[in-house]
Amino acid sequence: MTGERLRHLLGIEGLELAEIERILHLAETFLEVSRRPVRKVPTLRGKTVLNVFFEASTRTRSSFELAGKRLGADVMNIGGSASSTSKGESLRDTIATLDAMHADVIVVRHSASGAAEYVAERTRASVVNAGDGMHEHPTQALLDAFTIRRHRQRIEGLKVAICGDIAHSRVARSNAWLLPLFGAEVRLAGPRTLLPRSIAPWNVQVFDRIEPALEGADVIMMLRIQRERLGSSLLPSLREYAREFGLSPERLALANQDALVMHPGPINRGVEISPEVADGPHSVILDQVESGVAVRMAVLYLCASGEPVTPEGG
Amino acid sequence: MRELLDAESVDRGLRRVAGEILERHPGQQNLVLLGIRRGGVPLARRIGYWIEQLESVKVAFGTVDITLYRDDAATALANPRIGPSEVPFSLDGCAVVLVDDVIHTGRTVRAALDALLDYGRPRSVELAAVIDRGGRELPIQPDYLIRRVEVGPSERVDVVVGSGGQPVVLARPYGSPSIAPGGTLP
């Protein structure tokens with residue numbers, strides 16, 4: 001286990017298991033902070049966290065915001081439509097401006113795959129990827145792993161079904177990297193038009209129907225159907241999708257008796273998940289929200305603690 | 001390596017501290033013992049045990065972890081060992097006795113004060129320690145103390161579990177194999 005600060009968190013790909021364990025271990029502690037009467041510690045006092053969201057997001061942005069604030073950091077949100085990008089500024093110039101503000105951590109979400117890495121190459125701050133295009137959403141995969149652990153005490157040997165629009169999902173990609181590292185058996189399921197062309201780098205199975213993926217599953221992750229894909233040749237209608245791939249109580253019965261149902265949110269009730277399942281006893285969707293703040297506190301802590309730039313420190 | 005206090009002296013000292021706490025808090029109104037993790041926790045428990053022996057009352061007990069409150073938390077701790085604080089009640093109006101093993105710079109106690117204030121507004125806070133080794137960097141002094149010692153700056157002072165399974169106090173040169181607070185001698 002290394003003791004160094006985290007320079008950036010751009011994706012799960014390339015992270016070592018020990019590093020992931022370190023983040024999840026710290027998150028345990030921070031979970032306790034969020035349950036106290038006074039939900040704030042002064043650990044990152046005087047540190048600045050910039051939330052830079054070029055793409056709409058409520059839950060991820062507020063989760064990072066709360067995480068930073070509970071650690072005592074100053075958090076500023078910069079949103080897409082209110083920012084200078086809408087006045088024609090290039091991403092490069094925006095980063096240069098933010099860098100000059102002496103941020104310690106820049107949390108970035110962008111619709112282009114690879115945007116987080118682009119930002120990381122151009123700033124002194126630590127960069128945390130909060131979702132870049134169809135690439136990765138590392139903190140989501142970390143909080144999913146954390147939630148599974150809290151309920152099952154392990155990930156090894158569990159059968160995890162990830163269902164929905166796999167091809168366009170950064171959540172699926174990050175989980176496809178992370179869960180096999182822990183020894184989980186990962187199954188990806190979705191309509192053939194929404195499956196990735198190649199799964200070569202991952203140790204996963206792929207299904208074009210949901211039922212075989214659910215068979216005996218210990219964890220079911222449902223992905224949100226993005227309405228912007230609707231009407232195209234990829235996805236003819238919501239009704240058809242709900243009928244073929246929605247998680248209904250009948251389909252849930254195919255899974256293990258104590259299976260966990262997860263969803264990164266926001267959910268489309270009656271589309272990818274039926275209301276009975278979303279609100280049912282198997283659902284841990286709200287636990288994922290609580291875990292998210294703790295995991296992001298751990299990530300911000302590891303990025304912002306320690307002296308910036310210089311590797312030494314006492 | 002030299003032994004500054006043997007197990008019997010430590011325990012006799014903790015018993016005396018328990019008596020002094022009772023003297024200053026007649027009736028033990030809202031008395032709370034808070035051990036500073038990790039070295040102060042077993043000592044706070046032992047003080048609680050002696051209070052129970054002396055007055056047949058059980059005193060409320062909690063622990064605080066100060067890692068997130070250290071004044072160097074954001075610069076020095078790349079890989080902290082953070083433990084849980086356990087204060088399962090509000091400290092509003094309580095008479096808190098903080099318990100630590102060794103008082104040195106005073107920075108640990110300062111951090112513990114910040115930490116415990118997040119759990120309420122105590123009526124009073126006092127400090128009990130086993131050893132005062134001097135070298136204060138902040139205006140913080142113990143209210144209850146077992147022993148004050150003179151040691152050189154090149155020596156470290158630790159409360160560890162000795163061969164008999166009871167805490168003893170040792171002075172050793174810095175750089176000698178480290179023993180976790182409350183840990184056992186090799």
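A, B, ... follow the sequence lines: proteins, then strands. Residue 1 opens every chain. Quantities reported herein were computed from a predicted structural model and do not represent experimental measurements.
The neighbour count for E117(A) CD, taken as heavy atoms of other residues, nucleotides or ligands under 6.0 Å away, does not exceed 12. For E16(A), the CD atom is loosely surrounded, since the number of other residues' heavy atoms within 6.0 Å does not exceed 12. Within 6.0 Å of atom CG in D92(B), more than 12 heavy atoms from other residues, nucleotides or ligands are found, so the atom counts as buried in its surroundings. Annotation for R24(B): atom CZ counts as buried by contact number, over 12 foreign heavy atoms lying within 6.0 Å.
With sequence neighbours excluded, the residues that form a side chain to side chain contact (heavy atoms under 4.5 Å, CB included) with T139(A) are L9(A), F64(A), V128(A), H137(A), R296(A), V299(A). Here W50(B) pairs with D11(B) under the side chain to side chain donor-acceptor pair (under 3.5 Å) rule; sequence neighbours left out. Applying the side chain to side chain donor-acceptor pair (under 3.5 Å) criterion to S291(A), with sequence neighbours excluded, gives T147(A), R150(A).
Closest heavy-atom contact between K40(A) and Y69(B): O-OH, 4.0 Å.
To the nearest 0.5 angstrom, E32(A) atom CD is 9.0 Å from L68(B) atom CG.
Interface with chain A: from residues 115-145 of chain B, residues D118(B), Y119(B) qualify, criterion being any non-hydrogen pair under 4.5 Å.
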